[in-house]
Structures are given as C-alpha cells and as structure tokens.
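First the structure, in the form of structure tokens, and then the observations on it.
As the structure lists them, so they are numbered: ligands from 1, and atoms in each ligand from 1.
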Amino acid sequence: MAYTVPKLKDFSAAALDKAAEKLLAALERESAEITAEADWKTFRDRWMARKNGVLTQLNDLWLKAAPKDAKRDVGQKVNELKRQVEDAIEAAQKKSGGAPLSRLESDRVDISLPGIPRKIGAEHPVIKTMNEIVSVFRNLGYSVQEGPVVETDYYNFEALNFPLNHPARDTQDTLFIAGQESKPQSERLLLRTHTSPVQIRTMEKIKPPIRIVIPGKVHRNDPPDASHSPMFHQVEGLAVDTNITFGDLKGTLDHAMKALFGSSVKTHFRPSFFPFTEPSAEMMVSCFICGGSGRRGSEGCRPCKQTGWIEILGCGMVDPNVFEFVKDNGYDSRKVSGFAFGMGPDRIALLKYGVDDLQLFFQNDIRFLRQFA
Ligand code: 2NL
C-alpha cells in the first residue's frame, strides 16, 4: 500500500515521532524496491515533486497546520525528515545508476529578497586616540613600526639599560611566560611592559638617521581598577640623528600637544628618571578641560586636580648605554644623539572623553562603545 501523508490532529512530540516513524518506514520500503533508473525517477518525483510530493504535503499538512506553540518543534522535525528523504533519494540514485541528483532545486535562494543589513563597526575610543597621536607624528615625517607583544628579557629590559635587580623585572610588575627557567636570562620570554623593545629592534634594522613612532599593546601585572589594567596601550617615539638636542625634544612635543589638544595648550617639563634616557623628564600640558585655571565655575577642576596641569608623557635623551647595544649598526654615541618619549593613549582617551573608569574601555559593552562611533 502506497504511503500518504496523514493529517495530524495531535501535534505533541510523541505523536510527531510516531508519524515520522511511519513515514521513514515507507521511505525505506519504497527505496528498497528500486532497481532501474526509471524506478528511481518515479520514486524521486513522488517524494520531491513541488506539486503534491510527500515533502510538499509535509509542509502543508504538518507544518502549516501546526498550532503556533508547536510550530518550532514541528518545523525542526519536518526539516530533519526532509534531509533524510533527500539522502535516501541520493542513495537510491547511486544504486540505480542514474544521473547525479541536482541539489540546486532544493537549495534555491531567492536573490530578489532584501539582504540582511550588517551593522558597520566603529573605531574603539582608545584605538582612535592612538591613531590621532600616530598621525600627528606621521605628519612630521615619522614612520610607524610594530613588533611582537611576547618579547625576550633582552629587548624588554637588558638592551634598555635596566639593571639585573631593577624592580620592574619582578613578577610583581611583569607578566612572564611560564616554563622559561632553563633558558639563559636574556632569552626568557615575557609580555612586553612597554613598546621600547620595538625601538631597539628597529635600530638593529635601520641605520641612523631615524624618526619612528610605535603604537601597541603592552602588559603589566596590575590588578584592574578605575585607572589600571593588566593590558593597556602605549605610543612611543624616537628620533636619532647627528646633533639632536633637548631643544628638539621640547619643540617636537610642544607641537604634538598643540596638534592633539588645541593650539592654546602650554607644555611644561620637569626632571624625572628612566633607565633608558638621560636626562629624563615628565611633560605636563596645561589642562585642556579648565584651560589651566584649575577651576570650573565654582568648583575645582577634577581632571587636573585643581593644579591646571596634566602629566601626559615621559621623555628624555637616549642614554648612551642604550646606543651601546646597537652601535654596530651606526649608533655611535660620539656621533649621534636622540630623544625618545612614551605616552599612554588609554589615559589620554579617559581625559579626552571625560570617562572616569578605565575598565569601561575593556568590557566591550556595545552601549558604552556606541557613544564614540
Ligand atoms: C612613559 C615613559 C618613555 C622612552 C619611553 C625610549 C626608548 C628607547 C630609548 C630611550 Cl629605545 N627611550 N623610550 C623614553 C622615555 C620615556 O616612556 O611614561 N610612558 C608612558
């Protein structure tokens, strides 16, 4: 007796399974009877024909007739049966030796339907700030360099004149890659704590004169809070040539701050210390929130803590001990000199956009990020 798709009254999972079982038994019975190619064609048409084929009837009598709350389950079942029928027809076709079954018909898509619009993303506020900083220096003729985030002790510390016992090398501050104990100290791997290793790598590759900026991710062993994150960003710069002076450093950075924060900002340098520069300085810019007054109306200005100045970067003249590591590529400290600087785009973005919690930048909450698009 030839199988016909029954109308369903009961759309429960159990009733559905039972009806599906009957259909599959019929499918198996009919496909077993196929010997010649002509049999297969009849079989195919009976199950697959658009008009009154078994699959079409399944759609009409089961899926379309299903009550709303059963539609999902019935739909899944019908799709599963559809696949099984297609597989059985393909297998039967192989057995009967006919032409390959085209799936084009069943896989047909209507290309006249409207597409699914994809939302276009936007630059993350930190990356946007980083790109703005980089572009100021590109306009001055600096080129952009990048390098690995997993570094060796040599490039991250040794070649930057950090003594062996420097506290930054402590696991309290630096994130080390595990299982490096058998290697000599200078080859041990760590997550770079600044982008300076790229400056050393670049000086190994390119002879002076050079002007480079290095944007990138860095890591430190800091617990996250409103102003710290184990992952953050840095933009560093380096200029090496004959006769580079501290005056060049001041002029370049003063210009860069005016380009970034507006032509009315002032800069101020005060002495500091870094292992890789001598002399070293911290640069302050006059507060671009309160205009340097330290006050906002009747209240004190919070970003500059009422001082009228914001500490924005560290800088200095490259220490001759650093050049010593790359002297074979033309960095002879008796012939060339250079200045270098480093700043944190995360902190600059906080100030620029008036955000009070660094963690907001790294939680990827689309409602927060959307505001910067
Ligand atoms: C800061 C300070 C700084 C440098 C980075 C540098 C690199 C080489 C040689 C000399 Cl290869 N100096 N980089 C110099 C001074 C300061 O960063 O506070 N960054 C957020």
Side-chain angles (χ1 to χ4, degrees), residues 126 129-130 133-134 137 142-148 151-162 166 168 173 192-220 222 227-229 231-241 244-246 248-250 252-253 256-257 260 267 269-285 310-327 329-331 333 336-351 358:
V126 171
T129 304
M130 195 146 86
I133 298 166
V134 165
F137 287 96
Y142 286 60
S143 61
V144 181
Q145 295 285 330
E146 288 181 297
E151 263 295 359
T152 59
D153 180 279
Y154 176 80
Y155 286 110
N156 197 75
F157 292 127
E158 196 178 331
L160 286 158
N161 198 35
F162 280 80
H166 193 282
D173 297 315
R192 69 180 182 195
T193 57
H194 43 196
T195 51
S196 316
V198 189
Q199 317 231 32
I200 304 293
R201 287 178 179 278
T202 308
M203 288 193 279
E204 288 179 347
K205 274 193 317 208
I206 303 173
K207 292 185 174 15
I210 56 163
R211 312 262 189 281
I212 54 171
V213 263
I214 294 131
K217 270 193 203 329
V218 300
H219 292 79
R220 287 187 197 169
D222 287 330
S227 58
H228 294 83
S229 163
M231 187 285 298
F232 59 105
H233 300 82
Q234 206 178 22
V235 179
E236 273 196 59
L238 174 71
V240 183
D241 207 332
I244 296 265
T245 67
F246 202 89
D248 296 317
L249 178 157
K250 289 181 79 173
T252 303
L253 292 179
M257 294 307 115
L260 277 174
T267 53
F269 293 79
R270 65 182 187 197
S272 183
F273 176 83
F274 300 108
F276 31 83
T277 45
E278 184 61 35
S280 306
E282 272 160 20
M283 191 186 72
M284 321 287 285
V285 309
I310 292 177
E311 189 194 324
I312 211 87
L313 57 75
C315 55
M317 302 306 289
V318 179
D319 193 305
N321 292 343
V322 173
F323 283 142
E324 192 64 24
F325 288 94
V326 286
K327 66 166 184 283
N329 201 26
Y331 293 86
S333 60
V336 296
S337 56
F339 67 75
F341 57 87
M343 64 187 110
D346 313 82
R347 207 174 87 82
I348 295 174
L350 286 179
L351 291 165
L358 180 62

Task: G316 N/O to ligand 1 N/O under 3.5 Å - done: no

Using heavy atoms and a threshold below 4.0 Å, how should the contact between [X] and ligand 1 be classified: side chain, backbone, both, or neither?
| X | result |
| --- | --- |
| F274 | side chain |
| L160 | side chain |
| C315 | backbone |
| E282 | neither |
| E236 | side chain |

Task: Nearest protein heavy atom with distance in Å, relative to atom 14 (C) of ligand 1 - done: F276 CE1, 3.3 Å

Task: Identity and separation of the nearest protein heavy atom to atom 18 (O) of ligand 1 - done: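 Scanning the protein heavy atoms, the shortest distance from atom 18 (O) of ligand 1 goes to G314 N, 3.7 Å.
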
Determine the interplanar angle of the [X] and [Y] rings, folded into 0 to 90°, and report it as parallel if under 30°, tilted if 30 to 60°, perpendicular if over 60°.
| X | Y | answer |
| --- | --- | --- |
| F323 | Y331 | parallel |
| H166 | F162 | perpendicular |
| Y154 | F325 | perpendicular |

Distance under 4.0 Å to a non-hydrogen atom of [X]: what atoms of ligand 1 satisfy this?
| X | result |
| --- | --- |
| Q234 | 19 (N), 20 (C) |
| Q199 | 7 (C), 11 (Cl), 13 (N) |
| T277 | 10 (C), 12 (N), 14 (C), 15 (C) |

Task: M130 side chain reached by M343 side chain, heavy atoms, under 4.5 Å - done: no

TODO: Find out whether the Lys NZ or Arg CZ of R220 is both under 6.0 angstrom from the six-membered ring centre of F232 and within 45° of the ring's axis.
DONE: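 No, R220 and F232 do not form such a contact.
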
TODO: Answer yes or no: is there an ion pair linking K327 with E324, defined by an N-O contact shorter than 4.0 Å?
DONE: yes

TODO: Measure from atom 12 (N) of ligand 1 to every heavy atom in G342, A340, G338, A159 and give the option owning the shortest one.
DONE: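 Going through G342, A340, G338, A159 one by one, A340 has the nearest heavy atom to atom 12 (N) of ligand 1.
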
TODO: For P345 and V235, work out which heavy atoms get closest and say how close.
DONE: CD-N, 3.9 Å

Task: Qualifying residue for salt bridge (charged side-chain N to carboxylate O under 4.0 Å, His left out) with E151, from R192, K217, R201 - done: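 Filter result, single survivor: R201.
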
